[in-house]
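The block underneath contains the structure these notes are about, expressed in C-alpha cells.
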There are 2 protein chains.
Amino acid sequence: MSVTAAKGFTAAGITAGIKESGSPDLALVVNTGPRRSAAGVFTSNRVKAAPVLWSEQVLKSGEVTAVVLNSGGANACTGPKGFQDTHATAEKAADVLGTGAGEVAVCSTGLIGVLLPMDKLLPGVEAAAGQLSEHGGEKAAIAIKTTDTVHKTSVVTRDGWTVGGMAKGAGMLAPGLATMLVVITTDADLETEALDRALRAATRVTFDRVDSDGCMSTNDTVLLLSSGSSGVTPEYDAFAEAVRTVCDDLGQQLIRDAEGASKDIKVEVVNAATEDEAVQVGRTIARNNLLKCAIHGEDPNWGRVLSAIGTTDAAFEPDRLNVAINGVWVCKNGGVGEDRELVDMRYREVHIVADLAAGDATATIWTNDLTADYVHENSAYSS
Amino acid sequence: MSVTAAKGFTAAGITAGIKESGSPDLALVVNTGPRRSAAGVFTSNRVKAAPVLWSEQVLKSGEVTAVVLNSGGANACTGPKGFQDTHATAEKAADVLGTGAGEVAVCSTGLIGVLLPMDKLLPGVEAAAGQLSEHGGEKAAIAIKTTDTVHKTSVVTRDGWTVGGMAKGAGMLAPGLATMLVVITTDADLETEALDRALRAATRVTFDRVDSDGCMSTNDTVLLLSSGSSGVTPEYDAFAEAVRTVCDDLGQQLIRDAEGASKDIKVEVVNAATEDEAVQVGRTIARNNLLKCAIHGEDPNWGRVLSAIGTTDAAFEPDRLNVAINGVWVCKNGGVGEDRELVDMRYREVHIVADLAAGDATATIWTNDLTADYVHENSAYSS
C-alpha cells in the first residue's frame with residue numbers, strides 16, 4: 001500500500017541501472033491532486049547532499065507534485081556537478097509529468113562522494129513515469145532500499161481519510177531532525193501549515209528518537225504530501241495522531257532492520273528534570289558501545305548504563321539513580337539492586353529504564369545492540 | 001622500571017586473590033621521600049567510583065605517601081559500603097606503612113557494581129607491603145592489568161632526575177580529564193603546585209586526546225608523585241616536557257593495546273578556527289562507528305569523515321573541507337579529490353587529516369578501528 005494507500009497518488013519503482021546489482025533503484029511518487037500541499041524535514045547534518053539542498057528549496061513553496069527517489073548513490077559531497085544533476089533530475093520529471101521543476105522533490109541514498117550515472121537515471125525517470133500506478137506504492141518502497149533487508153511501509157485509515165508511507169534506512173541511523181528517506185502521503189484535505197506542524201511534531205518523538213549507530217546521514221529526508229482527494233478535512237489532533245502513528249511504525253521498522261542487529265533496545269528515561277535532558281540521557285545510553293556489546297551478549301550490565309549517564313550534564317544525583325533491565329531493578333540508589341540473575345534477556349526486545357529521580361519528564365530512545373555482523377557489513381560496504 | 005625508575009620509590013605487585021583467574025591483582029607504590037608532593041587528575045564522569053571520591057580528597061592536601069591499586073573490581077556504584085571499603089584499604093596501608101590514611105591514595109579497576117572481597121584485599125595490602133622493592137615497578141604494572149594484553153610503563157631520564165610511570169587501560173577509553181589508572185613518579189624536587197601544573201598540561205594534550213571507544217570510565221585516575229630524592233629542581237619547562245613525554249608514551253601504549261583493535265588511527269584536524277573546535281571535530285570523527293568499521297575494512301571512506309564533521313558546530317564551509325587519508329587528499333573542497341585507489345591502508349597506523357579551512361588551530365585525537373573482536377570481548381567480559 002505504502003504511498004499509494006491514500007487516494008490521489010500514483011507511484012512506480014523500477015530498475016534504472018544505477019545499482020550494479022541490477023536491483024530496483026528508482027522510485028517516483030506523484031500527487032495527482034486536487035491539492036498539492038507538502039511539508040518536509042531534512043537532516044541537520046551541515047554536510048548536506050545535493051538532493052537535500054534542492055528539496056529544501058522546493059518545500060519552501062509548500063507544494064510538491066512529484067518526488068523522485070533513487071538508491072545506488074547519495075549524490076552527497078559531489079560539488080556543483082552533483083547539484084546540477086539533481087536539478088536535471090527534477091527538470092526531467094517535470095517535463096515528463098507536465099509540471100514545473102520547482103514542484104519536484106528529489107531524494108538520493110547510497111554511497112557518498114560519487115556522481116550519479118545520469119545516462120541511466122534520466123531515462124529511468126521517463127520509464128518510471130510510464131509505469132505510474134495507483135498500486136505502485138509497494139514497488140516504490142522496494143526501489144529505495146540500500147542495505148535494508150526488507151522494505152518498510154505503513155498505513156493508517158481513519159474516518160474517510162488515510163495516511164500511508166514508505167521508508168528506507170538501516171545504517172547511518174541517528175537523525176538530527178528527520179531520518180533516512182521517508183515519503184508519507186495523505187488524502188486528508190489539509191494546507192501546508194497543518195502538514196508541517198503535524199510532521200514536525202511526529203518526527204520529534206519518533207524518527208528523532210531512533211538511534212541505531214550514532215551516525216547522522218547527509219541525506220535524511222521526510223516528506224508529507226497531501227492530495228486532499230478524500231475531500232475530508234480532519235481535526236488537527238486526529239490528523240497529527242495518524243501521522244505520528246505512521247512515523248512511529250516506520251521508525252520501529254527501521255530499528256528492527258538495523259544493520260547486523262540482534263536486539264532492539266528501548267531506552268526509557270524517566271523522572272528527568274526536563275524532556276530535553278531525558279532525550280540527552282537516553283541518546284547517551286543508546287550510543288554507548290560497551291553497553292551495546294553487553295546487551296548483544298545478554299549481559300544486564302547496568303554499570304555501563306550508569307557510566308554513560310555520568311557523562312551527561314542532566315540533573316541527577318549519582319546515589320539516587322535507579323536502573324531496570326527487562327523489569328528487574330538491577331541498580332537502586334546508584335548501587336547494587338535486585339539480583340541480575342533474574343533478568344531474562346533471551347528475547348529480541350530489551351527494555352532499559354533509567355530513573356534519574358530528578359523530576360517528572362520522560363523520553364524513549366530506540367537503539368540496537370552492537371554486533372560483529374554490524375562490523376562486517378560496514379567494513380565491506382562502502383557507503 | 002615503571003614507577004621505581006625514579007629514586008625514592010618502592011613498589012610491589014602481588015596476587016591477593018581478588019581476581020578469580022589467580023593473576024596478579026594488587027599493587028602498592030610507596031614514596032620514601034624525602035618529599036611527598038603529589039598531584040592528581042580524575043575522571044570527569046559524574047558517576048565516580050569510591051576510590052576516586054576518596055583519592056580526590058587525599059590529593060587536596062598535596063601529599064601522598066602511598067598508592068594502593070587493585071584490579072579485579074572497580075568498586076564503582078557500590079554505595080556507602082564501597083566507600084567504607086576504600087577507606088579501610090587506606091587505613092590498612094597506613095597502619096602497615098606507619099603513615100596516616102589521609103596520605104594513601106586508592107585506585108581500583110574492573111567490574112562496576114560489585115563489592116570488593118575485603119577478606120582478600122586487606123591481607124593482600126599487608127603481603128604487598130612485605131614485598132616492597134626498589135625494583136618492584138614492573139610487578140606493580142603487571143598487577144593492575146584487566147583486559148590489557150601487555151603492561152605499560154615509560155621512563156625518561158634527564159640531567160640528574162627521572163620521570164617514570166605505569167598505566168593500565170584497554171577499554172572504556174575516552175577520558176574527560178584523565179584516563180585509566182596511571183601512576184607517574186619522579187625524583188625531581190618539586191612542590192605540589194608545579195606537579196599539578198605539569199600534570200594538567202600534559203594530560204590535556206595526551207590522555208585527553210585518546211578515544212578508543214567513546215566510553216568514559218568511572219575510575220580514571222592519573223597521579224604524579226615526587227620524592228625529591230634526586231635533590232635536583234629542574235626548570236619547569238623541562239620538567240613539564242618530561243611529564244608530557246611519559247604521558248604521551250603511555251597514551252600511545254593504551255591505544256596500541258585497545259580491545260580488539262587492528263588499526264591505530266591518528267585523526268589530525270588542521271586549520272580549525274580554535275583548538276577547542278579542532279578537538280571537538282577530531283573526537284567526533286574518532287567516535288564514528290561507521291568510519292571505524294570502514295578503516296577496519298581498509299576502505300578510505302572519506303564520505304564518513306565528512307558526514308561526521310557535519311554533525312559538529314565547528315566553523316567550516318562544507319564546500320571547503322579537505323580530507324587526506326594516509327597522505328592522499330581523497331576529498332578536496334567537499335567533493336571528490338585524488339583517486340582513492342592510491343591510498344595504501346595495509347599498515348596498522350592510519351593517518352586521517354581533516355582540513356577545516358577555517359583558521360590555524362590544530363589538534364590530534366588517537367582512536368582505533370571497530371572490530372568484531374571488540375564486540376566479542378565486550379559481549380563476553382562483564383566489566
Side-chain angles (χ1 to χ4, degrees), chain A residues 44-48 74 76-79 81-82 111-115 171-172 176 213-218 287-291 293-294 296-297 299 301-304 306-313 316 318-319 321 330-331 333-336 370-372 374-380 382-383, chain B residues 44-48 74 76-79 81-82 111-115 171-172 176 213-218 287-291 293-294 296-297 299 301-304 306-313 316 318-319 321 330-331 333-336 370-372 374-380 382-383:
Chain A
S44 57
N45 198 312
R46 291 168 59 203
V47 176
K48 295 182 204 300
C77 308
T78 44
K81 178 66 170 71
L111 186 64
I112 296 173
V114 178
L115 289 166
M172 203 175 267
D213 59 5
C215 299
M216 189 196 294
S217 162
T218 50
R287 289 184 176 180
N288 189 277
N289 278 353
L290 287 172
L291 176 66
C293 288
H296 178 53
D299 169 14
N301 197 319
W302 59 268
R304 293 177 182 177
L306 255 64
S307 69
I309 296 172
T311 64
T312 72
D313 56 13
F316 71 83
D319 59 2
L321 294 170
V330 283
C331 169
N333 296 318
V336 181
L370 179 57
T371 69
Y374 175 88
V375 174
H376 290 147
E377 189 157 344
N378 286 296
S379 304
S382 200
S383 67
Chain B
S44 58
N45 198 312
R46 290 168 60 203
V47 175
K48 295 182 204 299
C77 308
T78 44
K81 179 65 170 73
L111 186 63
I112 296 174
V114 177
L115 289 165
M172 203 174 266
D213 58 7
C215 299
M216 190 196 296
S217 163
T218 50
R287 289 185 176 179
N288 190 277
N289 278 352
L290 287 171
L291 176 66
C293 287
H296 178 53
D299 168 14
N301 196 318
W302 60 268
R304 293 178 180 174
L306 255 66
S307 69
I309 296 172
T311 66
T312 72
D313 57 12
F316 70 84
D319 60 2
L321 294 171
V330 283
C331 169
N333 296 318
V336 180
L370 179 57
T371 69
Y374 175 88
V375 174
H376 290 147
E377 189 157 346
N378 287 295
S379 304
S382 200
S383 67

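Basis for what follows: all heavy atoms, side chains included, without hydrogens, waters or symmetry-related copies. Here is the naming used below: chain letters follow the sequence lines, and residue numbers restart at 1 for every chain.
For B:Thr311, the side chain to side chain donor-acceptor pair (under 3.5 Å) test picks out no residue, with sequence neighbours left out. With sequence neighbours left out, the side chain to side chain donor-acceptor pair (under 3.5 Å) criterion links A:Asn289 to B:Asn289.
For A:Leu115, no part lies under 4.5 angstrom from a heavy atom of chain B. Heavy atoms of A:Asn45 lying under 4.5 Å from chain B belong to its backbone as well as its side chain.
In this structure a side-chain-to-backbone donor-acceptor pair under 3.5 Å is present from A:Arg46 to B:Thr312.
A:Ile112 CD1 to B:Leu306 CG: the interatomic distance, rounded to the nearest 0.5 Å, is 8.0 Å. Here the straight-line distance linking atom CG of A:Leu290 with atom OG of B:Ser379 works out to 10.0 Å at 0.5 Å rounding. The CG atom of A:Leu370 lies 9.0 Å from the CG atom of B:Asn378; values are rounded to the nearest 0.5 Å.
Across B:Cys293, B:Ala294, B:Ala74, B:Ala76, the residue that shares the most heavy-atom pairs under 4.5 angstrom with chain A is B:Cys293. Heavy-atom pairs under 4.5 Å with chain A peak, among B:Thr371, B:Leu321, B:Ile309, at B:Thr371.
Residue B:Gly113 comes nearest to A:Val336 through the heavy atom pair O-CG2, 2.9 Å, listed as atom of the first residue, atom of the second, then distance.
At a threshold of 4.5 Å between non-hydrogen side-chain atoms, the residues A:Ser307 and B:Thr218 count as touching.
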